[in-house]
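Here's the structure we're looking at; comments come further down.
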Number of protein chains: 2
Amino acid sequence: MPVTIKDVAALAGVSPSTVSRTCKDHPSISRQTKEKVRQAMAKLGYEPNFQASSLATQNSRTIGIILPPSEWEAYQNAFYLEVIRGISQYCNQRQYINTVITGQNEEEILQVIKNMVRTGLAEGFIVLYSREQDPVLDYLYEEGILYVLVGKAYRNVNQTIYVDNDNVLAGKETAEYLLELGHERIAYLSGDHSLLFNNDRRMGYMLALTERGIGFLPELCVEVPSVPEKQNEVLHALLTRTDRPTAVLVSDDILAVALEKGCMELGLSIPGDVSIISFNNSLLARLTVPSLTSVDVNSCQLGTQAAAQMIEHVENPELVATKIIVPHHLVERDSCAVYKRP
Amino acid sequence: MPVTIKDVAALAGVSPSTVSRTCKDHPSISRQTKEKVRQAMAKLGYEPNFQASSLATQNSRTIGIILPPSEWEAYQNAFYLEVIRGISQYCNQRQYINTVITGQNEEEILQVIKNMVRTGLAEGFIVLYSREQDPVLDYLYEEGILYVLVGKAYRNVNQTIYVDNDNVLAGKETAEYLLELGHERIAYLSGDHSLLFNNDRRMGYMLALTERGIGFLPELCVEVPSVPEKQNEVLHALLTRTDRPTAVLVSDDILAVALEKGCMELGLSIPGDVSIISFNNSLLARLTVPSLTSVDVNSCQLGTQAAAQMIEHVENPELVATKIIVPHHLVERDSCAVYKRP
DNA sequence: CTGAAAGCGCTTACAG
DNA sequence: CTGAAAGCGCTTACAG
C-alpha cells in the first residue's frame with residue numbers, strides 16, 4: 001500500500017516531521033495542525049510503514065513465542081494453543097508481531113533464537129514451558145536477552161519475569177475439595193515432574209494432606225512420563241491396590257481421560273468408586289462422561305499477561321523483573337462425589 | 001547486536017555493496033572476494049539486519065496466520081497447534097516471520113488484517129479454516145491480497161491457493177474399511193457441516209456406501225454443531241435406534257470421545273457393539289480405551305506446505321494458484337472390529 | 001568484478 | 001510550534 005508520510009505531508013501542507021509527530025501525538029504540535037494532518041491521513045488511509053519505523057526506532061516490535069520441543073508429547077496440548085491465542089490477542093492490539101518458534105529439540109530451538117537475536121528481529125521471547133533445567137532458558141539468561149516465562153522460574157528467580165498460576169495453591173485447594181468430600185486416600189497423578197507445574201501442584205496436594213494430619217503416601221503419588229499407549233501399568237497398579245485411592249487429583253485433563261478409561265476397564269465407576277479432579281478445564285473436561293471437575297487456569301490470560309509484561313519491558317528496559325500470578329478457579333462437574341464408607 | 005554491514009566491509013577491505021552481494025551469493029562477485037568477506041562475517045558474527053533488508057527490498061518476510069474466531073469452540077483443537085507448528089517450522093528455516101492473528105469474531109479479525117495490510121506488515125495470510133461462507137476470505141479475495149487456505153476452497157476455487165487433505169477420499173476409505181469389516185449400518189457423525197472438511201468426509205462416506213449398493217440413510221448422518229455439555233440427545237437417539245448402527249465414522253477425535261462415552265453410558269461396548277473410526281489421530285486417539293482407529297491427516301505437514309506455498313508466492317508473484325493435497329493414512333487401533341451377526 | 005550513490009519510509013536531535 | 005537534515009542498515013540500478 002504505497003501511501004507514505006510524504007503524501008500525507010503534501011496533502012496537509014506540512015513537513016514529514018510534523019506528520020510523524022502527529023502520529024505519536026507529540027505535545028509540541030499545535031491542535032490545529034494535528035487536526036489538519038489527521039484529516040489528510042484519514043483521507044489517504046495512511047498508516048505508518050512498520051518496517052521503516054522499526055528501523056528508525058530500533059525496535060522490531062516482534063516477540064518470539066517458544067513452544068516446547070516437538071519431541072515432547074506434552075506438546076500436543078491445546079493449552080499451548082490457548083496461551084498463543086492470549087499472546088496474539090494482546091500483540092494484535094498493541095501492534096506487535098509475535099512469531100512462533102519451534103524445533104524438534106532444544107538444539108534446533110536455540111539455533112532459531114540465536115539467529116533472531118543476531119538479525120535484530122526479536123526484542124524478546126516468551127517461553128511457554130518451564131522445567132528445572134533448560135538449556136534454552138539458560139542461554140537467554142546468560143546472554144541477557146529479554147524473556148518472559150509462562151510458568152514458574154526455577155533458577156535466577158529474581159531476575160526472571162514470569163507469569164504463572166499459583167499452582168501450589170491450586171493443588172492444595174483441589175486436594176482440600178476432595179478432603180471436604182470425605183476422601184482420605186487421595187492419589188496424585190501427573191506427567192513429567194521436571195515440568196514445574198506438575199511439581200507445584202503436587203506440593204499443594206501434599207500440603208493439604210499434611211495440614212489435615214493425613215500421612216502422605218509416596219505410593220499414591222504416581223508419575224506417567226509419557227502418554228500411555230495401551231493399558232498403563234502404573235495406572236493399573238494404582239487402581240488395583242487393596243487400599244485403592246478413593247479419589248485422584250490429576251495434573252492435566254488429558255491424563256485424567258487416561259485415568260477415566262483405566263477405571264472403566266477395571267469396572268470402577270466414577271465418581272462412585274473413584275472421584276477425579278483435574279486441571280486445565282479443556283474441551284475434554286466437558287466431553288467425557290462423567291464430565292470432569294477441573295481447575296480452569298485461564299490459559300488465555302496467561303498468554304495475555306505474558307505479552308503485556310513483554311511489551312512493558314521492551315518499552316521500558318529499566319523495569320525490574322515482575323511476577324504475575326493469574327487466578328484459577330474450580331469448575332465443578334460430575335467426576336467427584338462424597339466419599340461413602342464401603 | 002550492533003555489527004553492521006559497514007563493520008564487515010571495513011574488516012574485509014571492501015565496500016558495503018560487496019558484502020551485501022556476498023550475502024546473497026551474487027554470481028558477479030569473485031570467489032576470492034567472497035571468501036574474504038565470509039571470513040570477516042564469521043569473525044564478527046554478522047547477520048544482516050532484518051528490518052533494514054525488509055525495508056530495502058520491500059518484502060516484510062512476514063506472514064499472518066489466521067485462527068478461527070475464538071467464539072467457535074472448534075477452536076480449542078490441538079489440530080490448529082500442529083498446523084501452526086508446521087508453519088513456523090518452515091518459516092523459521094526460511095527466515096520468515098509468522099504472526100498469529102486472533103479475534104473473538106470475524107469483525108475483529110478483519111480489523112487486524114486490514115491494519116497489517118496498510119502498515120505493509122504482512123505479505124500474505126494463511127487461513128486455518130475453511131467454510132462455505134466467510135467474510136475474511138471474501139475480503140482477502142476482493143482486495144487481491146495473497147492468501148493460502150488450509151482446507152478446501154469453496155468460492156473462487158481456481159484463484160485460491162489451498163493445502164488440504166483429500167477428505168472425500170479419506171472419508172471413503174474409512175467407510176470402506178468399515179464395510180470390509182462387514183458393517184453395513186454405518187453412521188456418520190460430524191461437527192458443523194459448513195466447515196468444509198466435515199462435508200467432504202461425509203461425501204466420501206456416502207460414495208463408499210453407494211458404491212456398495214447400500215442405501216444412504218439420512219437418519220444415520222448426524223451433526224453435533226457444538227460440543228455436548230452433558231448427555232447429547234442426538235447421540236443418544238442415534239445409539240438407541242432399533243436399527244442401531246454397528247459402526248460410526250466420526251469426523252474428529254474429540255467428537256469420537258463424546259461418542260465413546262455415549263456408548264459407555266448405554267452399556268454398549270466398543271468395538272463389540274459399535275465400531276468407531278475417526279479423524280486427526282490426536283493424542284486422544286491413543287489415550288482412550290479402547291484406543292481409536294483414526295486417520296492421521298498430517299496436520300503438521302499441512303502447515304509446512306501452506307508456509308511453503310505462501311513463501312513461494314511471495315517471492316514469485318507471477319505464480320499461478322496451486323492446490324496441494326497432503327496424504328493421510330489410517331492408524332489402526334482397537335476401536336473397530338469385524339461385524340458379527342447378533 | 002567492484003564501488004559510489006540514491007533510495008526504502010520513517011524518526012528525532014538540532015535549529016529557528 | 002515547525003522544518004531541514006542526518007540517520008536507521010540494507011539493496012541495487014548505474015557506471016566503470
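Basis for what follows: all heavy atoms, side chains included, without hydrogens, waters or symmetry-related copies. Since the model is a prediction, treat every value here as computed from it, not as a measurement.
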TODO: Give, ordered by number, those residues of residues 30-51 of chain A having at least one heavy-atom distance below 4.0 Å to an atom of DNA chain D; if nothing qualifies, reply none.
DONE: S30(A), T33(A)
Open item on the list: Restricting to salt bridge (charged side-chain N to carboxylate O under 4.0 Å, His left out), what partner residues turn up for E132(A), sequence neighbours left out?
Closed with: none
TODO: Can you tell me which stems involve DNA chain D, if a stem is defined as three or more consecutive Watson-Crick or G-U wobble pairs, both distances under 3.5 Å?
DONE: C:1-3 with D:14-16, C:5-12 with D:5-12, C:14-16 with D:1-3
TODO: Tell me, with the steps shown, if L128(A) and I87(A) meet side chain to side chain contact (heavy atoms under 4.5 Å, CB included).
DONE: CA-CA 11 Å; L128(A) 296 198; I87(A) 295 173; 4.0 Å; yes
TODO: Applying side-chain contact (heavy atoms from CB on, under 4.5 Å), name anything that partners S20(A), two or more places apart in sequence or on another chain.
DONE: I5(A)
Task: Check: Q309(B)/T322(B) side-chain N/O donor and acceptor closer than 3.5 Å - done: yes
Task: Sequence neighbours excluded, every pair satisfying ring-ring contact (aromatic ring centres under 6.0 Å, His included) that has a member inside residues 133-162 of chain B - done: none
Task: DNA chain D contacts among residues 12-27 of chain B, heavy-atom distance under 4.0 Å - done: S17(B), S20(B), R21(B), K24(B)
- [ ] Sequence neighbours left out, what passes side-chain contact (heavy atoms from CB on, under 4.5 Å) with V136(B)? Give chain and number order.
- [x] I66(B), E106(B), I109(B), L110(B), I113(B), Y129(B), D134(B), L140(B)
Open item on the list: What range of DNA chain C does chain B touch, first nucleotide to last, counting atoms under 4.0 Å from its heavy atoms?
Closed with: dC1(C) to dG9(C)
Open item on the list: Test of understanding: with side-chain hydrogen bond (donor to acceptor under 3.5 Å, both in side chains), list the residues that count as partners of K36(B), not counting sequence neighbours.
Closed with: none
- [ ] For A56(A), check side-chain contact (heavy atoms from CB on, under 4.5 Å) against everything at least two apart and list the hits.
- [x] none
Task: Closest-nucleotide 5' rank along DNA chain C - winner of A56(A) and A56(B) - done: A56(B)
Open item on the list: Can a side-chain donor-acceptor contact be found between S70(A) and T102(A) if the only test is distance below 3.5 angstrom?
Closed with: no
Open item on the list: Test: ring-ring contact (aromatic ring centres under 6.0 Å, His included). Region: residues 13-64 of chain A. Which pairs qualify, not counting sequence neighbours?
Closed with: none
Open item on the list: Work out how far the P atom of dC1(D) is from that of dA5(D), and round it to whole angstrom.
Closed with: 23 Å
Task: Separation of N92(B) CG from N98(B) CG (nearest 0.5 Å) - done: 6.5 Å
Task: Donor-acceptor pair between E47(B) and T119(A) side chains, under 3.5 angstrom - done: no
Task: Partners passing side-chain hydrogen bond (donor to acceptor under 3.5 Å, both in side chains) against E318(B) (at least two apart in sequence or in another chain) - done: none
Open item on the list: Can you check the distance between dG16(D) and dT12(D), where both ends of the measurement are the C1' atom (answer in whole Å)?
Closed with: 16 Å
- [ ] Report which part of the nucleic acid S28(A) touches: base, sugar-phosphate, or nothing (heavy-atom distance under 4.0 Å, all strands).
- [x] base
